[in-house]
Amino acid sequence: MRSRIQDILKELNEEQRPAVETTEGPILVLAGAGSGKTRVLTYRMAYILRKKKIAPWEILVMTFTNKAAGEMKERIQSLVGNDNPLWVGTFHSTFAKILRREIGVLGYSSDFVIYDTNDQERMLKFIMGEMNISPKEYSPKSIRSVISITKNRLISPENYASTAKSPFEKVVTRIFPVYENRLRFYNALDFDDLITVPIKLFTMYPDILLKYQSRFKYILVDEYQDTNRAQYLLLYHLSKEHRNICVVGDDDQSIYRWRGADIRNILEFENDFPDSQVFRLEQNYRSTQTILKAANSVIEKNVGRKGKSLWSARELGEKIDLLEVVDEREEAQKVVEKIKVEVFKGKRTFREFAVLYRTNAQSRSLEDGLRKSGMSYVIVGGVRFYERKEIKDVLAYLKLIANPKDSISLKRIVNFPLRGIGDGTLRKIDAWAESIGMHMFETMGRIDEIPDITSRIKTSVRDFYGLIQKYIDLKDQISPNELAHTIVDETGLLTMYKGDTSPEGQGRAENIREFLAAVSEYAVSTDSPSLSGFLEEVSLITDIDTWNDKSNAITLMTLHCAKGLEFPVVFITGLEDGLFPVLRSLDEPEALEEERRLFYVGLTRAKEKIYLSCAERRRLFYDSNFRLPSRFLDEIDSTVLRRTKASSRNAAISMHADVQNRKKEAYDSHPDYEDFSQEKIQYRPGVCVNHEKYGKGRIVRVEGEGQKKKVIVRFEDGAEKKFLLQYARFAQL
DNA sequence: GGCAATAGGCTTTTT
DNA sequence: GCCTATTGCC
């Protein structure tokens with residue numbers, strides 16, 4: 001099916017058309033939620049292909065998820081009927097693809113593996129072990145995160161070193177360069193490298209940059225508000241020759257600041273690309289007027305935004321219902337109840353409902369409720385499939401075969417299943433390898449040269465080496481599919497779990513089977529399947545990518561995950577201060593604005609109806625905490641919000657009085673017998689206090705009630721301490 | 001070197 | 001309160 005240019009333009013409104021027709025020069029499209037952003041992107045691409053008569057591979061399209069990329073490809077192909085490969089993908093997958101072709105000049109080989117967070121942390125632990133840095137004193141997790149942020153800011157280990165002051169930063173300074181060198185030695189890239197290494201490549205080899213610069217005549221970027229500075233730089237480089245860059249985004253939906261996304265990219269696009277044109281899409285086709293009114297009233301509270309106001313020609317629609325419940329169990333019950341009524345009336349089907357929450361941990365109680373009710377549901381996210389232990393084990397075998405330099409994967413599986421190659425032996429091999437500058441796997445092939453290893457262990461090592469080497473020789477002759485099946489078989493990974501009759505064991509066996517099915521699937525759906533190709537796909541895939549929105553089930557996911565999606569009915573659960581917005585954002589205005597944008601994203605997912613819920617009490621960590629309703633609830637235009645009390649609570653108390661009471665309970669903690677100096681202090685997060693012994697600090701958390709009430713205070717030296725309020729001596733600052 | 005028991009940490013969100 | 005990683009004992 002091929003559409004003509006006129007047909008393409010006919011399907012667009014007055015706002016959308018110029019954003020599609022203006023093909024040349026830098027363009028910023030500020031697209032509000034539900035304003036047909038995806039439509040503009042796909043039609044724009046189809047329009048350029050038709051009108052400019054250029055090849056599909058001369059357009060580069062960046063999306064936020066692989067799923068979005070897949071859908072866009074499909075739509076474009078149905079519009080223009082072209083089977084040529086389109087360059088549509090996420091930043092990470094696109095540049096992984098480019099690196100596979102070009103990375104040779106930087107001294108890596110093209111079968112590099114991609115390390116995920118877990119691999120990074122394991123590597124950091126090994127490095128710290130060698131340097132005698134205790135992982136207890138300095139957590140590998142926080143070191144990883146600092147390194148990641150630093151890399152994304154394009155700061156080199158040397159430059160980092162010059163700014164390091166605190167003991168923690170000094171430690172990072174020592175580890176960082178070793179980490180970088182070792183990644184390279186292992187022929188591995190971490191997630192951040194997929195963005196920063198191309199920048200290095202383009203800077204060091206202008207001829208390679210030129211090749212891609214002239215090739216990509218048009219560049220389209222979706223979700224521009226969530227790009228970081230490094231990604232911006234890549235776009236800047238690539239668009240330099242033709243200058244036809246079109247970015248689409250919505251500053252109000254920027255929710256990845258914590259991951260390094262820089263909202264300045266969108267706010268300052270017009271400065272970054274002079275002579276750019278800006279188009280605004282403010283008509284919303286998705287939601288009822290009521291929903292938009294709520295969303296607008298919330299987002300207006302933010303200061304740092306370009307400012308726009310969505311409008312809708314749709315009907316007024318139903319009011320938003322606020323479900324006030326006692327705890328998370330009742331919350332789940334209420335959700336179940338509401339869905340049940342509508343489905344049994346024949347009004348809706350399961351797939352029309354989404355239940356959203358701030359943190360993955362909240363899915364558990366909802367899942368319990370849904371399971372009991374027998375309604376079908378899917379949870380998107382949480383522990384990712386490819387991050388499960390049993391899957392990572394199989395993957396480690398495949399990674400080692402694809403890239404024998406990958407000593408991190410080697411260490412993971414060398415003794416799993418047990419082969420009698422323990423820590424002691426490994427350390428000897430590692431030391432030997434290091435002394436002759438070889439990789440661990442290579443060294444294992446020369447195990448006879450290494451002293452102080454018993455012949456029994458040497459035999460084990462030789463067997464292991466032979467096993468892996470056999471597959472290394474085979475990997476280019478047999479399909480990745482065949483390879484994965486045989487290796488699982490030969491190592492007995494599956495048999496091991498099959499023998500385990502516990503539910504976990506069975507689950508693991510099931511997951512491995514599912515994994516093997518996924519490899520088969522890859523082998524048939526890809527033109528030239530390769531082991532590295534498969535591993536790359538797996539490393540970059542996310543749960544939302546594999547989510548099947550066609551199955552008839554209620555969808556449960558985090559608010560972040562829901563970005564870009566829409567549902568007729570949306571539940572946003574856990575609207576309690578400290579949960580949503582999360583505690584850590586409460587005393588940081590910018591973080592709070594991001595939470596608010598996240599709420600805005602949640603609200604604008606709904607087409608027809610929204611339910612919000614807040615619980616009086618929620619078991620979140622190990623404690624049952626009393627919480628106040630989210631401050632965001634007060635920000636919703638009161639004319640569109642309807643409060644309905646759950647049956648179990650006393651409806652006679654007026655809503656307002658009740659909230660006031662709870663505020664009293666939660667905030668003015670102390671009984672009368674306390675020291676008078678305590679009376680003045682408001683014990684709540686963010687308040688600064690002075691402790692007679694520990695000095696100045698800030699309250700980060702309050703838990704428990706009455707006499708058991710405790711405050712957690714972070715002091716100036718970074719230490720956190722917990723105090724039973726009735727004994728603690730504080731003065732307010 | 002292997003296994004069971006225990007300690008610790010975690011819960012904000014993910015390419 | 002649960003899951004994992006590490007510890008200590010065999």
Side-chain angles (χ1 to χ4, degrees), chain A residues 62-69 89-96 114-118 121-122 125 129 134-136 139-142 145 148 152 189-195 223 226-228 230-231 254-261 356-365 380-384 386-389 415-427 453-454 456-457 460 504 536-545 557-563 574 578-586 588 591-592 594-595 597-599 601-602 618-625 701:
Chain A
M62 300 296 201
T63 60
F64 194 70
T65 62
N66 293 299
K67 185 186 170 65
T90 62
F91 274 91
H92 291 83
S93 64
T94 301
F95 287 99
I114 298 167
Y115 277 3
D116 65 13
T117 319
N118 188 294
E121 274 170 28
R122 274 162 35 87
K125 271 190 211 161
S134 157
K136 281 188 187 135
S139 84
K141 222 182 163 74
S142 50
S145 135
S148 169
N152 269 302
L189 302 183
D190 64 18
F191 278 129
D192 309 314
D193 285 332
L194 293 176
I195 308 298
E223 309 280 11
D226 287 322
T227 53
N228 65 28
Q231 290 166 332
S254 159
I255 53 174
Y256 285 96
R257 194 181 73 120
W258 53 274
R259 205 173 74 189
L356 310 180
Y357 34 80
R358 180 66 238 268
T359 68
N360 278 307
Q362 288 165 258
S363 68
R364 185 181 242 122
S365 54
V380 183
V383 186
R384 271 170 219 71
Y386 290 104
E387 274 168 29
R388 285 161 208 257
K389 185 195 166 298
N415 206 24
F416 187 85
L418 298 170
R419 296 188 174 88
I421 308 173
D423 237 23
T425 312
L426 269 185
R427 218 163 301 155
I453 294 177
T454 64
R456 207 179 76 197
I457 293 176
S460 299
E504 304 91 75
E536 178 181 309
E537 196 170 291
V538 162
S539 310
L540 300 178
I541 213 154
T542 62
D543 263 32
I544 190 74
D545 298 328
M557 60 170 93
T558 62
L559 287 144
H560 282 89
C561 220
K563 192 174 78 160
L579 179 61
F580 190 25
V582 281
L583 199 62
R584 283 179 57 177
S585 70
L586 294 186
E588 202 195 322
L592 189 64
E594 175 141 317
E595 293 289 301
R597 290 193 291 269
L598 188 58
F599 188 40
V601 166
R618 181 181 297 273
R619 211 174 55 192
L620 252 193
F621 313 115
Y622 40 88
D623 252 331
S624 217
N625 283 349
R701 205 144 42 92

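Within every chain, numbering begins at 1; the chains are lettered A, B, ... in the order of the sequence lines, protein sequences first and strands thereafter. Here the structure is a predicted model, which is why all the values come from computation and not from measurement.
Between A:Lys136 and B:dA7, a side-chain N or O to OP1/OP2 separation shorter than 4.0 Å is absent. Between C:dT4 and A:Lys141, no contact under 4.0 Å exists linking OP1 or OP2 to a side-chain N or O.
Between the CG atom of A:Leu426 and the C1' atom of B:dG1 there is a distance of 12 Å, rounded to whole Å. The interatomic distance linking A:Arg597 (CZ) with B:dT12 (P) rounds to 18 Å, in whole Å. Straight-line distance from the CD atom of A:Glu121 to the P atom of B:dG9: 13 Å, rounded to whole Å. Whole-Å rounding puts the A:Arg388 CZ to C:dT4 C1' distance at 15 Å. Rounded to whole Å, the distance from CZ on A:Arg364 to C1' on B:dC10 is 13 Å.
Heavy atoms of A:Ser585 sit nowhere under 4.0 angstrom from any nucleic acid atom.
Side chain of A:Asn415 to backbone of A:Ile421: a donor-acceptor contact under 3.5 angstrom is found. In this structure, A:Glu595 contributes its side chain and A:Ser585 its backbone to no donor-acceptor pair below 3.5 Å. Judged by distance alone, with hydrogens and angles left aside, the side-chain atoms of A:Arg358 form no donor-acceptor pair with the main-chain N or O of A:Leu579 at under 3.5 Å. Between the side chain of A:Asn66 and the backbone N or O of A:Asp545 there is no donor-acceptor pair closer than 3.5 Å. Between the side chain of A:His92 and the backbone N or O of A:Leu194 there is no donor-acceptor pair closer than 3.5 Å. A:Asp190 places no side-chain N or O within 3.5 Å of a backbone atom of A:Thr117 that could act as its donor or acceptor partner.
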Write out a two-atom table: protein N or O, nucleotide N or O from nucleotides 13-15 of chain B, distance below 3.5 Å.
{"from": "B:dT13", "atom 1": "OP1", "to": "A:Asn360", "atom 2": "N", "distance (Å)": "3.0"}
{"from": "B:dT13", "atom 1": "OP1", "to": "A:Asn360", "atom 2": "ND2", "distance (Å)": "3.1"}
{"from": "B:dT13", "atom 1": "O2", "to": "A:Trp258", "atom 2": "NE1", "distance (Å)": "3.1"}
{"from": "B:dT13", "atom 1": "O2", "to": "A:Arg358", "atom 2": "NH2", "distance (Å)": "2.6"}
{"from": "B:dT13", "atom 1": "O2", "to": "A:His560", "atom 2": "NE2", "distance (Å)": "3.2"}
{"from": "B:dT14", "atom 1": "OP1", "to": "A:Thr558", "atom 2": "OG1", "distance (Å)": "3.3"}
{"from": "B:dT15", "atom 1": "OP1", "to": "A:Thr542", "atom 2": "OG1", "distance (Å)": "3.1"}
{"from": "B:dT15", "atom 1": "O4'", "to": "A:Arg259", "atom 2": "NH1", "distance (Å)": "3.4"}
{"from": "B:dT15", "atom 1": "O3'", "to": "A:His92", "atom 2": "ND1", "distance (Å)": "3.4"}
{"from": "B:dT15", "atom 1": "O2", "to": "A:His92", "atom 2": "NE2", "distance (Å)": "3.2"}

Listing time: all N or O pairs from protein to nucleotides 2-6 of chain B that are below 3.5 Å?
{"from": "B:dG2", "atom 1": "OP1", "to": "A:Gly420", "atom 2": "N", "distance (Å)": "3.2"}
{"from": "B:dG2", "atom 1": "OP2", "to": "A:Asn415", "atom 2": "ND2", "distance (Å)": "3.0"}

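Comparing C:dA5 with B:dT12, their C1' atoms sit 23 Å apart, to the nearest whole Å.
The aromatic rings of A:Phe95 and A:Phe91 lie parallel to each other, with less than 30° between the two planes, well short of the 60° mark.
With A:Phe416 as the aromatic partner, A:Lys389 meets the cation-pi criteria of under 6.0 angstrom to the ring centre and within 45 degrees of the ring axis.
Atom CZ of A:Arg419 is surrounded by more than 12 heavy atoms from other residues, nucleotides or ligands within 6.0 Å.
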